Amino acid sequence: MNAPVTIVGAGLGGLTLANVLHVNGIESIVYEAERSADARAQGGMLDIHDYNGQPALEAAGLMTEFRAAVLPGREAYRGLATDGTLLFDKADDGTGGRPEVQRGELRRILLDALPTGTVRWGHKLDGVRTLGGGRHELSFAGRGRVTTSLLVGADGAWSRVRSLLTAATPVYAGTSFIETFLYDVEKRHPELARLAGPGTTIVSDFAGRQINVHREAGGTLHVYAELTEPLEFFDGFDLARIAREFDGWAPELLAFITASDTPPLHRPHYALPAEGLRWDHMTGVTLIGDAAHLAPPDGEGANLAMQDAAELGTALATRDGDALLSYEETLFPRSAEHAEAATYKPTREDMIEFFAM
């Protein structure tokens, strides 16, 4: 393959693809709307699974760097009932298959491994069209146009590249996170630090309300309060209003929300079709990650994006003209399975059984 592969989006999926191509001697260019690698915070922790995310990093030649970035002890899981009763407490004994890493650190590892100039920052895609013969033209706001014979949309939930293949767009999934942070918790919030434990704590009423607490690096607790409410419910919300939705829960649990050291952020959840997104194969273009299979959060999104990237990159390196078609034939059934699994709501018994394994 002589012409560079054009990738839109420098998230984990796009960067993993660029790395897999690089280790296989294939050049790529990644166009990213953000002005630089440090333009914004990159989110919290990710559990990288031994059956999809980790093999993708292996294909990119980055397992040593990944292992060095893993946060020790973070595979501990604690479940609490809404009255504070302990349901399960699973320690991190080092044998788990879902080690935790900061998203920003994982992205840095992927960026540092690429040749200088691979990522073109400050390129916001504002138009894309088919030229015929497998070629496509991309236009970037204030940055001109480029043409390519192999285009990969790694541009997330609101992908513009997706429009070449399907008219499908994400719809609100009916749930939202309210995101908060607590800092220097051992000194400033010692009771919440004790309650949160060393890893992840989950509190759920199994009826649409849940609090997830993640212990991140540097004494930070990252909190997601989940509610099943229409979008308009969150207009003009504040922490007191959100806390009222958890009325009747143990007061110490509500403090994960009300004691926030940062203004709350609303993170609505969107999804592509529940049966999984498919499109008619088109020469010269395909999708990976959320652009291909956006679903409500279930711990698989980043892992699947990297798996997509590794499978596509390997196909491009080892197959001839049918590489994209071969990749999509594997992608579609996996996307359908993920879409169905992401809508499943576990019961209390399901959760206890899962974390007892």
Side-chain angles (χ1 to χ4, degrees), residues 7 9-24 30 42-77 92 94-114 152-157 199-200 212 214-217 222 224 276 286-317 327 330-339 341-342 354-355 357:
I7 303 167
L12 299 181
L15 294 176
T16 300
L17 174 58
N19 274 281
V20 173
L21 293 174
H22 175 58
V23 300
N24 282 283
V30 183
Q42 291 298 312
M45 292 196 309
L46 293 172
D47 52 324
I48 305 301
H49 307 160
D50 55 9
Y51 52 87
N52 50 16
Q54 290 181 50
L57 290 169
E58 187 75 53
L62 295 172
M63 279 300 288
T64 298
E65 293 83 351
F66 165 70
R67 291 192 182 102
V70 167
L71 295 174
R74 297 318 198 277
E75 277 192 272
Y77 291 94
D92 182 358
T95 64
R98 305 159 75 97
E100 299 270 1
V101 65
Q102 297 282 155
R103 179 186 285 267
E105 180 65 8
L106 182 56
R107 190 184 193 221
R108 183 196 63 75
I109 289 169
L110 291 164
L111 283 168
D112 287 353
L114 291 173
V152 180
D155 47 342
T200 295
N212 301 321
H214 303 282
R215 184 177 285 270
E216 298 187 350
H222 194 170
Y224 299 93
T286 196
L287 306 172
I288 65 173
D290 283 350
H293 45 66
L294 179 68
D298 65 348
E300 292 288 355
N303 286 276
L304 287 173
M306 292 190 290
Q307 181 180 15
D308 293 348
E311 291 184 356
L312 176 58
T314 301
L316 290 171
Y327 158 73
T330 301
L331 171 71
F332 293 153
R334 183 171 69 239
S335 296
E337 182 179 352
H338 174 227
F354 177 81
F355 286 106
M357 295 169 56

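Note that this is a predicted model, so its numbers are computed, not measured.
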Rounded distance [0.5 Å steps], CG in Asn19 versus CG in Leu57: 9.0 Å
Glu105 meets the side chain to side chain donor-acceptor pair (under 3.5 Å) criterion, sequence neighbours left out, with Arg108
Suppose we screen for side chain to side chain contact (heavy atoms under 4.5 Å, CB included). Which residues come up paired with Ala56, at least two apart in sequence or across chains? Thr16, Met306, Ala310
Per the side-chain contact (heavy atoms from CB on, under 4.5 Å) rule, which among Val20, Ile109, Leu114 passes with Leu15? Leu114
Just jot down the ring-ring contact (aromatic ring centres under 6.0 Å, His included) partners of His22, sequence neighbours excluded, or say none. none
Distance in Å, Leu12 CG paired with Leu304 CG, rounded so as to fall on 0.5 Å steps: 12.0 Å
Would you say Tyr327's side chain and Leu287's backbone share a donor-acceptor pair under 3.5 angstrom? yes
Going by side chain to side chain contact (heavy atoms under 4.5 Å, CB included), name the residues that satisfy it together with Ala217, two or more places apart in sequence or in a different chain. Leu71, Gln102
Can you name the residues that form a side chain to side chain contact (heavy atoms under 4.5 Å, CB included) with Pro55, not counting sequence neighbours? none
Do Thr200 and Arg215 come within less than 4.5 Å of each other through their side chains, counting heavy atoms only? no
Any chance you could measure His338, atom NE2, to Leu294, atom CG, to the nearest 0.5 Å? 8.5 Å
Between Asn303 and Asn52 (side chain of the first, backbone of the second, donor and acceptor by atom type, cut-off under 3.5 Å), is there such a pair? no
Applied to residues 287-296, the side chain to side chain donor-acceptor pair (under 3.5 Å) test, sequence neighbours excluded, yields His293-Asp308
Side chains of Tyr224 and His214: does their closest heavy-atom pair fall under 4.5 Å? yes
For Ala309 against Gly13, the heavy-atom pair lying closest together: CB-O, 3.3 Å
Nearest non-hydrogen partners of Ala154 and Ile7, listed with the distance: CB-CG2, 4.1 Å
Of all residues at least two apart in sequence or in a different chain, which pass the side chain to side chain donor-acceptor pair (under 3.5 Å) check with Ser335? none
For a quick test of reading the model, state the closest non-hydrogen atom pair linking Gly276 to Ala339 and the distance between them. N-CB, 3.9 Å
Decide yes or no for Glu311 and Thr330: does some side-chain heavy atom of the first lie under 4.5 Å from some side-chain heavy atom of the second? yes
Measure the CG-CD distance between Leu62 and Gln54 for me, rounded to the nearest 0.5 Å. 13.0 Å
Who are the side chain to side chain contact (heavy atoms under 4.5 Å, CB included) partners of Val23, not counting sequence neighbours? none
Quick one: do Arg103 and Glu216 make a salt bridge, cutoff under 4.0 Å? no
Looking only at heavy atoms, which two atoms of Ile48 and Gly53 are closest? And how far apart? CG2-C, 3.7 Å
Taking only residues two or more places apart in sequence, or in another chain, which ones meet Asp155 in a side chain to side chain donor-acceptor pair (under 3.5 Å)? Ser159
Who are the ring-ring contact (aromatic ring centres under 6.0 Å, His included) partners of Tyr77, not counting sequence neighbours? Phe355
Which heavy atom of Gly97 sits nearest a heavy atom of Pro99, and at what distance? C-CD, 3.4 Å
Which atoms form the tightest heavy-atom contact between Ala18 and Val30, and what is the distance? CB-CG2, 3.9 Å
Residues pairing under side chain to side chain donor-acceptor pair (under 3.5 Å) where one sits in residues 56-76, two or more places apart or in two chains, turn out to be none
Partners meeting side chain to side chain donor-acceptor pair (under 3.5 Å) with Arg98 (sequence neighbours left out): Asp47, His49
